[in-house]
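To keep things clear, I will list the structure first and then write my remarks on it.
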Number of protein chains: 2
Amino acid sequence: MILKSQVEWALHCCAILAGLPEGRYLSTKALAEFHGLPKEYLSKALQSLSQAKLVESTLGPSGGYRLARPTAEITFLDVVEAVEGKERTFACSNIRANNPCRPEGYCEAGPCAVARVMWDADEAWRAKLRSVSLAALVQTLEQEIPTTLWQSSFQWVLKRAG
Amino acid sequence: MILKSQVEWALHCCAILAGLPEGRYLSTKALAEFHGLPKEYLSKALQSLSQAKLVESTLGPSGGYRLARPTAEITFLDVVEAVEGKERTFACSNIRANNPCRPEGYCEAGPCAVARVMWDADEAWRAKLRSVSLAALVQTLEQEIPTTLWQSSFQWVLKRAG
DNA sequence: TAGAATACGGATAATAAATATCCTTATTGC
DNA sequence: GCAATAAGGATATTTATTATCCGTATTCTA
Ligand code: SF4
Ligand code: SF4
């Protein structure tokens, strides 16, 4: 089990969009070039973000994406779920129903203990992702990335932002 | 991203093995029949458990598997990692290295903030799985499953255990 | 007003992973 | 010696991921 690479892409794109000045848009093309990613396929990830209402888009030249909400109000979980979906990572196929000793017509009340533990763990994962916002991410990145690289990156980006 | 179904299978099989009397073995065939699963493929999951030293096996008629450790010393995480592997669920492809503004020969010190958050969440998931033992699972199941079904199930199993 | 750049969605192809089956070998109990 | 078993290799089959291509509607710009 491994998350799709689109998750990493989407998170990095959101980090860039989070640093964009108010009202500016950044195109798929620019985001793809900046990260060295296939434009057409990255576009699908961005469309997922758009459908999840995390970003807004506009058409035409100088079109592209911008965040739809303040960075403090978008979490890692929002992005991950936009790309991966909201389904739990443990799917129960109800194999206990195949128990040969199971009485005719007997129907289990709810999810069994196995599923509940797996779902609790899934929720712990999500809770952690929910606890980190894009604002927090940008703050950390700003501290860690060398100032010159940070600035030249945003110069590069701004030159292409509509 | 979804866990393979072998995880569910392995957990249920461990739950059965956990209820087996000291020194008895249960075969793949019996476990597959009990859960209504494809024997050959379930066998692969059990082999994973065996390689992870969670279960011991013996050959010949009346052969099969038994737990290699006390139920209190086997956790959900042990079983999940035996089947799914120990790799983290977020794989970093280091796309920041593609940044066009990145200086020649510049090399990032360590994993970036994005990866660290994802890995923290992964660890939260594992911590939760680590916190539940097979002993705890069996205790819960024993409380929840109707006594008659519980007993007839283990009668069924014991008749086939070597 | 024409043209270029864009997001969006549908279709489809390529690749990788999960699921499943088959077969051979070595070991064990009877 | 025979039957049942775990183990592991080989190989299909099916599904998910990754990727590309194209048509349409929209928006900006010149
Ligand atoms: S995980 Fe629980 S609910 Fe799902 S099949 Fe197994 S016993 Fe049933
Ligand atoms: S997640 Fe972090 S370490 Fe991984 S590619 Fe992105 S920036 Fe680099």
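We name chains A, B, ... by the order of the sequence lines, and we start the count at 1 in each one. Keep in mind that what you see is a predicted model, and the values were worked out from it rather than measured.
- Remark: nothing in residues 45-56 of chain B comes within less than 4.0 Å of DNA chain C through any heavy atom.
- Straight-line distance from the CG atom of A:Leu3 to the C1' atom of C:dA17: 15 Å, rounded to whole Å.
- For A:Tyr65, taking side-chain heavy atoms from C-beta onward, the closest of the listed nucleotides C:dC8, C:dA18, D:dT5 is C:dC8.
- When only modelled atom types and interatomic distance are considered, B:Ser48 and B:Gln6 share no side-chain donor-acceptor pair under 3.5 Å.
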Quiz item: Taking protein heavy atoms under 4.0 Å as touching, what does nucleotides 25-30 of chain C look like 5' to 3' if B marks base contact, S marks sugar-phosphate-only contact and - marks none?
Solution: --BBB-
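- In this structure, the CG atom of A:Leu31 is 12 Å from the P atom of C:dT6, given to the nearest Å.
- Picking from D:dA7, D:dA19, C:dT21 the nucleotide with the shortest atom distance to the side chain of B:Ser57 gives D:dA7.
- In this structure, NE2 on B:His35 lies 4.5 Å from CD1 on B:Ile16, to the nearest 0.5 angstrom.
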Quiz item: In B/S/- notation, 5' to 3', how is nucleotides 9-15 of chain D contacted by protein heavy atoms closer than 4.0 Å?
Solution: B------
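- Put simply, NZ on A:Lys4 is 12 Å from P on D:dA19, counting in whole angstrom units.
- The phosphate of C:dT19 (OP1 or OP2) has a side-chain N or O of B:Ser5 nearer than 4.0 angstrom.
- The pair B:Arg116-B:Asp120 fails the salt-bridge criterion, with no side-chain N (NZ, NE, NH1 or NH2) lying under 4.0 Å from an Asp/Glu carboxylate O.
- Around atom CD of B:Glu144, more than 12 heavy atoms belonging to other residues, nucleotides or ligands sit under 6.0 Å away.
- Looking only at distances, no side-chain donor or acceptor of B:Ser43 sits under 3.5 Å from a matching main-chain atom of B:Lys39.
- One hydrophobic cluster, built from ILVMFWY side chains closer than 4.5 Å, holds both B:Phe154 and A:Tyr106.
- Taking 4.5 Å as the limit, every side-chain heavy atom of A:Ser133 sits out of range of all side-chain heavy atoms of A:Thr71.
- The shortest distance between the side-chain N/O atoms of A:Thr28 and the OP1/OP2 oxygens of C:dT6 is not below 4.0 Å.
- Under a 3.5 Å cut-off, the side chain of A:Arg24 and the backbone N or O of A:Ala161 do form a donor-acceptor pair.
- Residues A:Ser43 and B:Lys39 each lie close to DNA chain C; by heavy-atom proximity, the contact nearer the 5' end of the strand is made by A:Ser43.
- The existence of a salt bridge linking A:Arg130 and A:Glu123 is confirmed by a sub-4.0 Å separation between a basic side-chain nitrogen and an acidic carboxylate oxygen.
- Separating the CG atom in B:Leu129 from the CG atom in B:Asp78 is a distance of 10.0 Å, to the nearest 0.5 Å.
- Rounded to whole Å, atom P of D:dT18 lies 13 Å from atom CD1 of B:Ile95.
- With rounding to whole Å, A:Lys29 atom NZ is found 9 Å from C:dA5 atom C1'.
- For the pair A:Arg160 (side chain) and A:Trp156 (backbone), a donor-acceptor distance under 3.5 Å is present.
- Rounded to whole Å, atom C1' of C:dT19 lies 8 Å from atom CD of B:Gln6.
- When the P atom of D:dT17 is taken as reference, atom CD of A:Glu84 falls 7 Å away, rounded to whole Å.
- Between the CD atom of A:Glu40 and the C1' atom of D:dC22 there is a distance of 9 Å, rounded to whole Å.
- Residues B:Leu46 and B:Val55 are not in side-chain contact: their nearest non-hydrogen atoms beyond the backbone lie 4.5 Å or more apart.
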